[in-house]
Amino acid sequence: MGTGVVALAVTLLGALADSLLLGGPGVLFGMVYVAVCFQLAVRVRPADLPAAPIAGPIAFALALLLLGPTSGAGFGGHVMGLTGGLATQAGWLFAGTGVAAAIVVARAVAIRRSRTH
């Protein structure tokens, strides 16, 4: 399966579980997101390394858009809910993305060094 598909599927499941158990995307959703970012960065094929830190934030935003809070009816309400959700969940978003980026950079450096020696 592709990195983006896995990221979206697991992040959506985390957001759904958090919504059902705790009433909305919160700590459980954030912890699942960070774990997903870690796993993607560790398990992605070397050819797909740049996709790992990109797929996570897209999945995060889509999960918030679909399962996060809304600020009214219609598309505008979902967009306003998304912006509020991104603002309140920014710590998790930055943590997961940072973890993925750091792992991807370390893996890329290791791959490059192994090819030159």
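In the hydrophobic clustering of this structure, Leu93 groups with Met31; members are Ile, Leu, Val, Met, Phe, Trp, Tyr whose side-chain heavy atoms approach within less than 4.5 Å, directly or through other members. Residue Val6 is not grouped with residue Leu8 when hydrophobic side chains (ILVMFWY) are merged at heavy-atom distances under 4.5 angstrom, including chains of intermediate members. Under the 4.5 Å side-chain contact rule for hydrophobic residues, Val99 and Ile54 do not share a cluster. In the hydrophobic clustering of ILVMFWY residues, with side-chain heavy atoms under 4.5 Å counting as a link, Leu86 and Val79 come out apart. Cluster annotation: Val36 is connected to Leu21 through the hydrophobic network of ILVMFWY side chains, with a link wherever side-chain heavy atoms come within less than 4.5 Å.
Rounding to the nearest 0.5 Å places OG1 of Thr11 at 10.0 Å from CG of Leu64. Atom CZ of Phe29 and atom CG of Leu16 lie 11.5 Å apart (nearest 0.5 Å). Rounded to the nearest 0.5 Å, atoms CG (Asp18) and CG (Leu13) are 12.5 Å apart. A distance of 12.5 Å separates CZ of Arg43 from OG1 of Thr3, quoted to the nearest 0.5 Å. For the atom pair Thr116 OG1 and Ile111 CD1, the distance stands at 12.0 Å (nearest 0.5 Å).
Looking only at side-chain heavy atoms (C-beta outward), Val10 and Val32 come within less than 4.5 Å of each other. Using a 4.5 Å heavy-atom cutoff, the side chains of Val104 and Pro50 are not in contact.
The main-chain N or O of Met80 is found under 3.5 Å from a side-chain atom of Thr83 such that the two form a donor-acceptor pair.
The heavy-atom pair separating Gly96 from Cys37 by the smallest distance is O-CB, 3.2 Å. What you find for Ala41 and Arg107 is that their closest heavy atoms are O-NH1, 2.7 Å. Residues Gly56 and Tyr33 approach most closely at O-CE1, 3.2 Å, considering heavy atoms. Residues Ser19 and Leu67 approach most closely at OG-O, 3.7 Å, considering heavy atoms.
Residue Ile103 is tested with Val42, Leu40, Leu49 for a side chain to side chain contact (heavy atoms under 4.5 Å, CB included); the sole match is Val42.
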